[in-house]
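Notes follow the structure.
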Amino acid sequence: MLGNKKGNDMKRILLTALCALLLLSLLSCGASNYSDDVTALAISEKAISSLGARVDYMTADEGYLDDYFKIPGYVTEHTVFFATEGNNIDEFGIFHVSDGNGKDMKELLEDYLERAYEKNREWYDSYIPEETPKLRDAEVKIFGNYAIYAIAYEDDRALFFGIVEDMLKQK
Amino acid sequence: MAILLLVIIVLLALCLVAGLTLGIMMLVGSPSPVEPESTPDTETDDMSTSVDPIDTLLLETNDAGQAYIDSMIFFGESTTAHLRARGVLTGGTSTHQVFCDSSGTKSLSSRITSESIVYPPTGESMTIAQACRQEQPEYMVLSFGLNGITGFINDKNGFVNNYAKLISAIQKASPSTRIILQTVYPVCGAGNYSVDVDTLNAYIMTLNEWLPEIAAKCENVRVADTASVLRDADGRLKAEFNNGDGIHLSESAYREILYYLRTHAWQ
């Protein structure tokens with residue numbers, strides 16, 4: 001009896017250890033909470049329809065960001081759209097990257113925003129000083145394999161990021 | 001119990017394999033390096049034709065008259081937009097000869113061909129290429145360089161390539177348009193710029209040296225040194241041509257500029 005009791009104890013310990021390891025390995029798989037199959041174009045269309053009640057937006061052509069960086073090879077798709085009015089510098093970018101490159105894309109975009117601010121603030125301050133804070137306070141966020149940036153007032157940034165997160169959240 | 005143990009072990013093995021695979025992918029996958037910002041020593045993008053830059057300068061001619069000015073469309077920074085405000089073109093403050101947007105200014109950048117202007121005849125917003133496709137101007141007079149100059153001075157490649165990009169977009173939309181690049185106007189005040197007025201004017205002179213190089217590499221492009229009529233002996237904007245802020249121009253300055261264009265005509 002004593003031997004059976006010891007055997008059962010061992011089994012319980014082993015079972016507990018295996019369950020713990022199973023749990024750890026599930027966590028280590030790094031399962032994302034975000035989809036990876038939504039196109040940047042679909043996100044931009046949804047965002048424009050929500051943000052565009054007051055402002056007209058247009059999609060940027062290829063080379064729009066050439067002054068700052070070349071699109072890296074790990075970007076599978078991207079789109080940038082901006083306000084058409086010359087005195088409104090609102091701009092939003094969506095970059096879909098391959099697995100593992102979200103952080104690097106975020107750093108690239110943060111660098112772009114910082115350099116754009118330094119490059120443009122002199123003449124923005126001369127002609128459209130109320131717009132300069134948008135670039136100064138611009139944000140970049142990652143949602144799974146999507147790196148997103150927004151140059152806009154705080155409310156519009158929050159609205160935009162909320163739209164993106166809702167579209168990408170795993171159901 | 002044994003079956004349960006077996007199931008757990010199998011699931012564990014599958015998850016470990018998946019986790020290891022992901023870990024290996026994250027370790028070996030490396031992003032492309034960020035392209036360094038271009039420097040003045042970097043080769044500019046190759047463009048066709050090889051004309052001597054000095055031959056692109058428009059030399060003195062007989063007065064080509066008001067009809068010559070009437071055949072021009074102007075596109076540039078605020079000093080170009082003010083051609084309308086000063087009422088110096090045919091049509092006065094209602095002229096259709098000035099392309100600009102609602103901010104009344106522009107900066108030369110890689111996004112210049114994406115951004116919109118207000119097309120004067122219809123009031124629609126459209127890109128510069130779309131506007132040129134509709135307008136098919138005989139002459140397009142461009143004026144860029146002061147906005148963003150403290151960045152351009154360290155990025156000749158960026159300035160040249162962005163100007164070439166704009167020229168290319170205009171020419172694709174309106175192949176027969178002759179493009180005239182105006183030299184950057186001098187200033188007599190530094191405004192919000194981080195450098196003093198003499199440094200700013202020195203930067204302006206440097207950019208002006210680059211314009212013939214741009215024109216030489218493009219088809220159907222010339223340079224008009226309109227800034228020369230505005231400059232005093234110290235290289236600053238003459239006081240009588242300043243509207244008060246050291247940077248923008250008076251009505252008499254624009255009349256001098258237009259007369260220079262008429263007497264340095266491209267015909």
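Below, all heavy atoms of this structure are taken into account, side chains as well, without hydrogens, waters or symmetry copies. Note on naming: letters A, B, ... go to the chains in the order of the sequence lines (proteins, then strands), and numbering restarts at 1 for each one.
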Next on the checklist: Is Tyr112(A) in contact with chain B via its backbone, its side chain, both, or neither, using a 4.5 Å heavy-atom distance?
Outcome noted: side chain

Item to check | Asn162(B) portion near chain A, given a 4.5 angstrom heavy-atom threshold | outcome: side chain

Item to check | ring pair (Phe, Tyr, Trp, His ring centres under 6.0 Å) between Phe144(B) and Phe75(B), worked out | outcome: CA-CA 9 Å; Phe144(B) 290 97; Phe75(B) 178 51; 5.4 Å; yes

Checklist entry - Which answer fits Tyr127(A), side chain, backbone, both or neither, if we ask what part of it has an atom under 4.5 Å from a heavy atom of chain B? => result side chain

Next on the checklist: Out of Gly191(B), Gly104(B), Ser78(B), return the one with the most heavy atom pairs under 4.5 angstrom to chain A.
Outcome noted: Ser78(B)

Checklist entry - Does Glu118(A) pair with Arg136(A) as a salt bridge, N-O distance under 4.0 Å? => result no

Checklist entry - Are any of the side-chain nitrogens in Lys119(A) or Glu114(A) under 4.0 Å away from the carboxylate oxygens of its partner? => result no

Next on the checklist: Taking every non-hydrogen pair under 4.5 Å, which of Ser110(B), Cys100(B), Ser103(B), Ser102(B) racks up the most with chain A?
Outcome noted: Ser110(B)

Checklist entry - Among Asn145(A), Asp37(A), Thr39(A), Asp36(A), whose side-chain hydrogen bond (donor to acceptor under 3.5 Å, both in side chains) with His96(A) holds? => result Asp36(A)

Checklist entry - Heavy-atom distance under 4.5 Å to chain A: side chain of Asn192(B), backbone, both or neither? => result both

Item to check | Engaged part of Thr127(B) at the chain A interface, taking heavy atoms whose separation is under 4.5 Å | outcome: side chain

Checklist entry - Charged N to carboxylate O below 4.0 Å: is that the case for Glu131(A) and Lys134(A)? => result yes

Next on the checklist: Quick check on Phe82(A) against chain B: is it the side chain, the backbone, both or neither that has a heavy atom closer than 4.5 Å?
Outcome noted: side chain

Checklist entry - Heavy-atom distance under 4.5 Å to chain B: side chain of Glu62(A), backbone, both or neither? => result backbone

Checklist entry - So, Glu110(A) and Lys106(A), do they make that salt bridge, N to O below 4.0 Å? => result yes

Item to check | Lys/Arg N to Asp/Glu carboxylate O, Glu139(A) vs Arg157(A), below 4.0 Å | outcome: yes

